Asks: 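Handing you this structure, nothing more for now.
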Amino acid sequence: TEQRPFQLVVFGASGFTGQFVTEEVAREQVDPERSSRLPWAVAGRSREKLQRVLEKAALKLGRPTLSSEVGIIICDITNPASLDEMAKQATVVLNCVGPYRFYGEPVIKACIENGASCIDISGEPQFLELMQLKYHEKAADKGVYIIGSSGFDSIPADLGVIYTRNKVNGTLTAVESFLTIHSGPEGLSIHDGTWKSAIYGFRDQSNLRKLRNASNLKPVPLIGPKLKRRWPVSYCRELKGYSIPFMGSDVSVVKRTQRYLYENLEESPVQYAAYVTVGGITSVIKLMFAGLFFLFFVRFGIGRQLLIKFPWFFSFGYFSKQGPTQKQIDAASFMLTFFGQGYSQGIGTDKNKPNIKICTQVKGPEAGYVATPIAMVQAAMTLLNDASDLPKAGGVFTPGAAFSKTKLIDRLNKHGIEFSVISSSEV
């Protein structure tokens with residue numbers, strides 16, 4: 001590969017999530033295990049804002065010379081030539097500018113045309129699936145890797161299923177995951193950028209169905225008994241609490257990974273369902289009201305405007321225009337628990353009942369602004385350093401498809417996103 005001035009460029013570095021990704025790249029730059037330099041840059045519309053983000057990171061990390069060590073690239077999503085200039089200077093672009101359904105495609109296009117790989121943290125299935133359909137061949141021709149959903153959505157879930165499969169001595173056939181979010185005394189808060197993505201995603205569900213029908217994919221075979229879907233509110237005995245279906249991109253991403261592993265590597269596909277624990281019955285009632293409000297308002301133009309204008313009110317305080325405070329971030333953490341079943345070696349999967357049960361866990365710091373930057377930056381380091389273990393040609397991939405044979409799980413373990421086996425038994 002030709003030498004480019006910057007190995008990593010953080011695009012949208014002055015945005016809410018972008019500033020945390022910037023800090024994480026700055027940490028990676030001085031990681032004691034690094035053997036080589038990591039030239040990098042920040043990119044966005046305003047030099048002043050980018051400068052401020054670097055100064056803030058320098059202060060937080062105690063690195064007074066940081067600003068002078070990092071390149072600054074001025075570019076704008078509405079100016080394709082400026083995106084081309086950015087992509088020409090980067091080996092990997094970390095794209096933090098969302099909602100991706102509006103702003104994601106021009107960046108991918110510029111990266112492919114100018115030979116840069118691109119990683120994003122989108123949790124929007126329609127965007128992710130459309131990009132794969134439109135750009136997979138073009139990216140493969142150029143030998144670049146376009147990898148979406150590389151934040152909390154959906155690296156823990158996607159690689160968690162692969163980790164669980166790797167820990168089974170036999171064939172894993174089905175997995176259910178349960179997300180538990182822990183918050184400190186000051187509670188939880190999520191920046192309203194995520195809220196907006198959800199609003200546009202629900203509005204566009206019919207287009208996502210059309211997209212899937214148009215792609216004419218052959219169904220992936222079912223191995224073992226069909227995984228039954230739980231009720232919209234169900235009690236999880238193992239975790240002693242109620243759960244609801246998880247509305248993020250995890251299911252879409254894991255399904256695409258399992259298809260890829262089956263079609264390209266002839267691996268046995270795993271069925272998957274995702275849930276989020278919501279605690280006791282009062283939380284269930286509160287969430288049901290918030291959900292009904294949301295589903296009612298999201299159907300009308302004026303309703304969507306109200307949802308966007310007053311996120312705090314309509315989400316019962318979970319989403320806000322300010323995002324979380326540093327105290328809220330420091331006190332929060334996540335735990336993703338996987339319950340899998342399958343067959344031990346030598347047992348046929350056709351007529352027999354599954355005879356293996358396994359429980360694994362991925363746990364880490366606050367999901368949106370600590371775990372997401374760690375996952376994104378470690379995905380980028382894997383792209384830069386584990387080239388021989390990536391899919392042979394480039395293309396548009398899920399994290400699991402791109403990284404199933406790499407050392408990404410080891411990297412995440414070292415950086416505080418920990419994968420472990422809780423229990424494993426033959427029944």
Side-chain angles (χ1 to χ4, degrees), residues 15-17 20 98-99 101 121-125 151-154 156-157 177-205 230-236 239-251 274-337 364-372:
F16 193 80
T17 307
F20 293 103
R101 67 176 58 246
I121 44 179
S122 168
E124 303 161 48
F152 175 72
D153 286 337
S154 291
S177 70
F178 291 85
L179 169 64
T180 307
I181 298 283
H182 300 287
S183 61
E186 301 200 5
L188 274 181
S189 177
I190 306 169
H191 187 255
D192 74 334
T194 306
W195 175 252
K196 285 178 190 161
S197 295
I199 292 165
Y200 300 127
F202 272 91
R203 180 193 71 182
D204 248 7
Q205 270 183 318
R230 292 170 179 256
W231 289 92
V233 176
S234 67
Y235 188 76
C236 176
L239 297 173
K240 300 184 177 57
Y242 288 93
S243 68
I244 58 174
F246 180 59
M247 291 306 202
S249 58
D250 288 357
V251 173
Y275 302 92
V276 55
T277 61
V278 291
I281 201 76
T282 38
S283 306
V284 171
I285 291 165
K286 186 174 158 183
L287 272 164
M288 275 168 67
F289 271 108
L292 289 170
F293 258 128
F294 184 87
L295 290 172
F296 176 75
F297 279 91
V298 83
R299 291 161 62 185
F300 314 105
I302 193 157
R304 289 193 291 275
Q305 280 169 0
L306 287 169
L307 288 171
I308 287 166
K309 202 165 179 193
F310 305 108
W312 192 83
F313 176 77
F314 285 107
S315 70
F316 285 74
Y318 285 116
F319 291 87
S320 70
K321 288 184 188 295
Q322 296 76 38
T325 62
Q326 194 59 50
K327 265 189 179 165
Q328 285 176 318
I329 289 173
D330 293 342
S333 62
F334 79 88
M335 185 170 79
L336 195 54
T337 308
E366 190 279 335
Y369 312 107
V370 186
T372 286

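Not measured: the values here are computed from a predicted model. All residue numbers in this chain count up from 1 along the given sequence.
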Asks: Between the main-chain N or O of Pro311 and the side-chain N or O of Ser315, is there a donor-acceptor pair closer than 3.5 Å?
Replies: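 Between the backbone of Pro311 and the side chain of Ser315 there is a qualifying donor-acceptor contact (under 3.5 Å).
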
Asks: Ser122 side chain to Glu124 main-chain N or O, any donor-acceptor pair under 3.5 Å?
Replies: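 Answer holds: yes.
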
Asks: Let me confirm one number: the CH2-OH distance from Trp195 to Tyr318, rounded to the nearest 0.5 Å.
Replies: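 Here the rounded value is 11.5 Å.
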
Asks: For Gln326 versus Phe20, what's the shortest heavy-atom pair and its separation?
Replies: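 Heavy atoms only, the tightest pair is OE1-CE2, 4.3 Å.
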
Asks: Give the minimum heavy-atom separation between Ala371 and Pro365, together with the two atoms involved.
Replies: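 Ala371 and Pro365 have their closest heavy atoms at CB-O, 3.9 Å.
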
Asks: Should the ring pair Phe314 and Phe310 be called parallel, tilted or perpendicular, given that the plane angle runs from 0 to 90° and is split at 30 and 60?
Replies: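 Taking Phe310 first and then Phe314, their aromatic rings sit tilted (interplane angle of 30° to 60°).
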
Asks: Could you check if a side-chain atom of Asp153 sits within less than 4.5 angstrom of a side-chain atom of Asp250, using non-hydrogen atoms only?
Replies: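 In short, these two side chains touch, coming nearer than 4.5 Å.
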
Asks: Between CG of Leu306 and CZ of Phe293, what distance do you get to the nearest 0.5 Å?
Replies: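 Reported value, rounded in 0.5 Å steps: 11.0 Å.
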
Asks: Which distance, rounded to the nearest 0.5 Å, do you find between the OG of Ser320 and the CD1 of Ile190?
Replies: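 One finds 9.0 Å between OG of Ser320 and CD1 of Ile190.
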
Asks: Is the distance between the ring centroids of Tyr235 and Tyr242 under 6.0 Å?
Replies: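 Centroid distance Tyr235-Tyr242: below 6.0 Å, so yes.
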
Asks: Between Glu186 and Thr325, is the side chain to side chain contact (heavy atoms under 4.5 Å, CB included) condition met? List the steps.
Replies: CA-CA 9 Å; Glu186 301 200 5; Thr325 62; 4.1 Å; yes

Asks: Run Val251 and Phe246 through side chain to side chain contact (heavy atoms under 4.5 Å, CB included) and show every step you take.
Replies: CA-CA 8 Å; Val251 173; Phe246 180 59; over 6 Å; no

Asks: Please examine the side chains of His191 and Thr17, heavy atoms only from C-beta on, and report whether any two atoms are closer than 4.5 Å.
Replies: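 When only atoms from C-beta onward are counted, His191 and Thr17 do not touch, as no gap falls below 4.5 Å.
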
Asks: Is there side-chain contact between Phe334 and Phe152, with heavy atoms separated by less than 4.5 Å?
Replies: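 Yes; the side chains approach each other to less than 4.5 Å.
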
Asks: Could you tell me the separation between the OG1 atom of Thr372 and the CD1 atom of Ile121, rounded to the nearest 0.5 Å?
Replies: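 CD1 of Ile121 is found 6.0 Å from OG1 of Thr372.
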
Asks: Do Lys196 and Ile308 come within less than 4.5 Å of each other through their side chains, counting heavy atoms only?
Replies: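 A side-chain contact exists here, since the closest heavy-atom pair is under 4.5 Å.
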
Asks: Closest heavy-atom contact between Ile181 and Ala367?
Replies: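 Shortest heavy-atom separation between Ile181 and Ala367 comes out as CD1-CB, 4.4 Å.
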
Asks: Tell me whether Thr277 contacts the main-chain N or O of Gly241 through its side chain, where contact means a donor paired with an acceptor under 3.5 Å.
Replies: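 No; judged by distance alone, with no hydrogens or angles, the pair does not exist.
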
Asks: Using the six-membered ring wherever Trp is involved, compare the ring planes of Phe294 and Phe202 and label them parallel, tilted or perpendicular (cut-offs 30° and 60°).
Replies: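 Rings of Phe294 and Phe202: perpendicular, over 60°.
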
Asks: Looking at Ser197 and Pro99, what are the two nearest heavy atoms and their distance?
Replies: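 Between these two residues, the closest heavy atoms are OG-CB, 3.8 Å.
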
Asks: What distance do Lys286 atom NZ and Thr282 atom OG1 have between them, rounded to the nearest 0.5 Å?
Replies: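 Reported to 0.5 Å precision, the distance equals 9.0 Å.
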
Asks: Measure up the Phe178 and Tyr275 rings against each other and bin them: parallel (under 30°), tilted (30 to 60°), perpendicular (over 60°).
Replies: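 The arrangement is parallel - the two ring planes meet at less than 30°.
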
Asks: Say you draw a straight line from CD1 of Ile244 to CG of Leu179; how long is it, rounded to the nearest 0.5 Å?
Replies: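 One gets 10.0 Å once the value is rounded to the nearest 0.5 Å.
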
Asks: More than 12 non-hydrogen atoms from neighbouring residues, nucleotides or ligands closer than 6.0 Å to NZ on Lys321, yes or no?
Replies: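 Yes, enclosed.
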
Asks: For Ile329 and Glu366, work out which heavy atoms get closest and say how close.
Replies: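 For Ile329 versus Glu366, the nearest heavy atoms are O-CB, 3.4 Å.
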
Asks: Please find out if less than 6.0 Å separates the ring center of Phe316 from that of Phe289.
Replies: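 Aromatic pair excluded; centres sit 6.0 Å or further apart.
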
Asks: Can you name the nearest heavy-atom pair linking Pro245 to Val276, along with the distance?
Replies: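 Distance-wise, the nearest heavy atoms are O-CG1, 4.2 Å.
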
Asks: Heavy atoms, side chains only, cut-off 4.5 Å: are Val298 and Tyr200 in contact?
Replies: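 SC-SC contact between Val298 and Tyr200 ruled out.
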
